[in-house]
Number of protein chains: 2
Amino acid sequence: MFGATLLRMTFDPAPRVSVSDHVFGRLRDAIVSGRYAPDETLPGERELAGAFAVNRHAVREALRRLQQLGLVRVSQGGATRVLDWRVHAGLDLALSLARSGDVLPVETLVRDMLEMRACVGIDAARLCAERADPAVVAALVRAAEEYGDLAPDLDLMNKANIAIWRLVVRGSGNTAYQLAFNSLVAGTFAVGDVPPDARAAELLDVAGHRCLAASVASGQGAAAARHARELLTAPVTTPTSPTSGREARA
Amino acid sequence: MFGATLLRMTFDPAPRVSVSDHVFGRLRDAIVSGRYAPDETLPGERELAGAFAVNRHAVREALRRLQQLGLVRVSQGGATRVLDWRVHAGLDLALSLARSGDVLPVETLVRDMLEMRACVGIDAARLCAERADPAVVAALVRAAEEYGDLAPDLDLMNKANIAIWRLVVRGSGNTAYQLAFNSLVAGTFAVGDVPPDARAAELLDVAGHRCLAASVASGQGAAAARHARELLTAPVTTPTSPTSGREARA
DNA sequence: ACACATCAACTCGTCAACTGGTTGTACCAG
DNA sequence: CTGGTACAACCAGTTGACGAGTTGATGTGT
């Protein structure tokens, strides 16, 4: 353990970013930050390659990724146009945004992702309780029971918490929820440590997770949704302004 | 209208798929369908290039996109390993899945996306009503008023409907909701026409959309959420099997 | 003066062959 | 069994070239 701490504190994991990753990140930030307005034409591949001092193929790989992300639209013969990411980009952009922030206020992004986590988690808990797969439910109950054993270590609890919610989302049988959950988890991981205090309160609520699992196991969707709401809305309502309604808990 | 129908029925939208797109789609389907199990090693780039009879760069571009989608993890020197897309893939995969279905039951995927649309839309309506930007609210009210003018044409109404909800999501001020909404819209568009009847009932409910806009304009989050729920939950509860619990509505 | 076909100069799309850095494995001396 | 080396396989990146498509200007006929 001493060695691990020493290593983690002393040495970086090596800044090994590939060339195309570099180009991709720069262009993404430039587009999202608005330095390239929507409908504007990006420089040609050769020009970009010259500007970044890299090969054209590296630029092409970066452009392909930007295209898949919904940030640009390349067309053979024509110029590559910048798209409005607020309209064409998918949820995966959030991860990419969080990973190298600065371009968007990180606090707001984290709040948004926590809000979405609550929204999806609550409904997933309800669905999981209703159309439950026995195996998943059993795994969920077991995970919830073993959850308290990690009591003091917030890092471990966070991992276990993600595992629990992953089971819930899987149990919901909704692929879209599952994929969105992955995006959110990756995003919050990329952004580093989110609001520590509020999340800590949520993570340490071992009883709440047990109640959630029990509700799911007994097939009571409404109760599962209620418990999920109590767990998930705390981090989003506590640190932010008191605008969001507290009516649901009354 | 005759010409449009003729064109749509007669000619394909041009099978202009680039080589890298082809490789990408094939590999994606192979991975998602399970022909490549998680943790399995994909063939090398040269081997794949040989198998597809294309250049290695085309394979590289495809692999880059797969990596960004969270389907594989390539590492220099080592082999490219297949990841479990249920764990590592983001919501954008849903679009990619819907675009070339067959690999996953389309009905289920559509149901899932409609469910998620309802879940996100309801909360977005609530947030939009609470933290409203006057300009967006004004645009929303205007859009809702002009919505009924397109009464008979379901295609136009669908477009206008998307515009309305886009305003709602934008008004919510939640970037994650916005991005997820984009993913869902693109996915439902890609899958072609989703359950026509249920969606038609929703689309033709002009009064419901006006009520939603009015609730948002008056800043009543709960009412906006209720109207959004009435609009969005109809398509998901009506056409599916009666397995989903009806307790919540009782 | 206007409409239209033609063409040249871009752009992206694809390909071939090459060099270099990284990983994993097999092998061998101690 | 340990530690080091040698080698093969792989990914990463580069160079150079050609084909395919788009765009805008040019020239021509009406």
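Every chain is numbered from 1 and lettered A, B, ... according to where its sequence line falls, protein lines coming before strand lines.
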Measure NE2/B:H57 against C1'/C:dC12 and give the value in whole Å, please. 15 Å
Between P on D:dC11 and CZ on B:R81, what's the gap in Å once rounded to a whole number? 12 Å
First encountered from the 5' end of DNA chain D, between B:E47 and A:A53: B:E47
What is the distance from atom CG of B:D84 to atom CD1 of B:I31, rounded to the nearest 0.5 Å? 11.0 Å
Taking for each residue the nucleotide of DNA chain D with the nearest heavy atom, is it B:A79 or A:V54 whose nucleotide lies nearer the 5' end? B:A79
Say whether B:R86 and A:N182, considering side chains only, have a donor N or O and an acceptor N or O under 3.5 Å apart. no
Using only atom types and a distance under 3.5 Å, with no angle test, would you say the side chain of B:N174 pairs donor to acceptor with the backbone of A:D112? yes
Side chain of B:Q76: nearest nucleotide among D:dG16, C:dT22, D:dC18? C:dT22
Given salt bridge (charged side-chain N to carboxylate O under 4.0 Å, His left out), test B:R35 with B:D29 step by step and report yes or no. CA-CA 8 Å; B:R35 281 181 33 214; B:D29 291 348; over 6 Å; no
Rounded off to whole Å, could you give me the CG-to-P distance for the B:N55 and D:dA17 pair? 17 Å
Rounded interatomic separation in angstrom, taking CD from B:E45 and C1' from C:dT22: 13 Å
Nearest-Å distance, CZ (B:F52) to C1' (C:dC15)? 17 Å
If the cut-off is 4.0 Å, is A:R64 near the phosphate of C:dT14, judged by side-chain N/O to OP1 or OP2? yes
Whole-Å distance separating the CZ atom of B:F24 from the P atom of C:dG13: 15 Å
Residue B:V19, side-chain atoms from C-beta onward, closest of D:dA12, D:dA20, C:dT14: C:dT14
Roughly how many Å is it from CZ in A:R73 to C1' in D:dT22, rounded to a whole number? 13 Å
Between A:R64 and B:S18, do the side chains contain a donor N or O and an acceptor N or O under 3.5 Å apart? yes
Does any N or O donor sit under 3.5 Å from an N or O acceptor when you compare the side chain of A:R56 with the base of C:dT14? yes
Closest listed nucleotide, where the reference is the side chain of A:A58 and the choices are D:dT14, C:dT14, D:dC11: D:dT14
Closest to side chain of B:S20, choosing from D:dC11, C:dT14, C:dC15: C:dT14
For a quick test of reading the model: is some side-chain N or O of A:R60 closer than 4.0 Å to OP1 or OP2 of C:dG13? yes
Using atom CD of A:E61 as one end and atom C1' of D:dT14 as the other, report the distance to the nearest whole Å. 12 Å
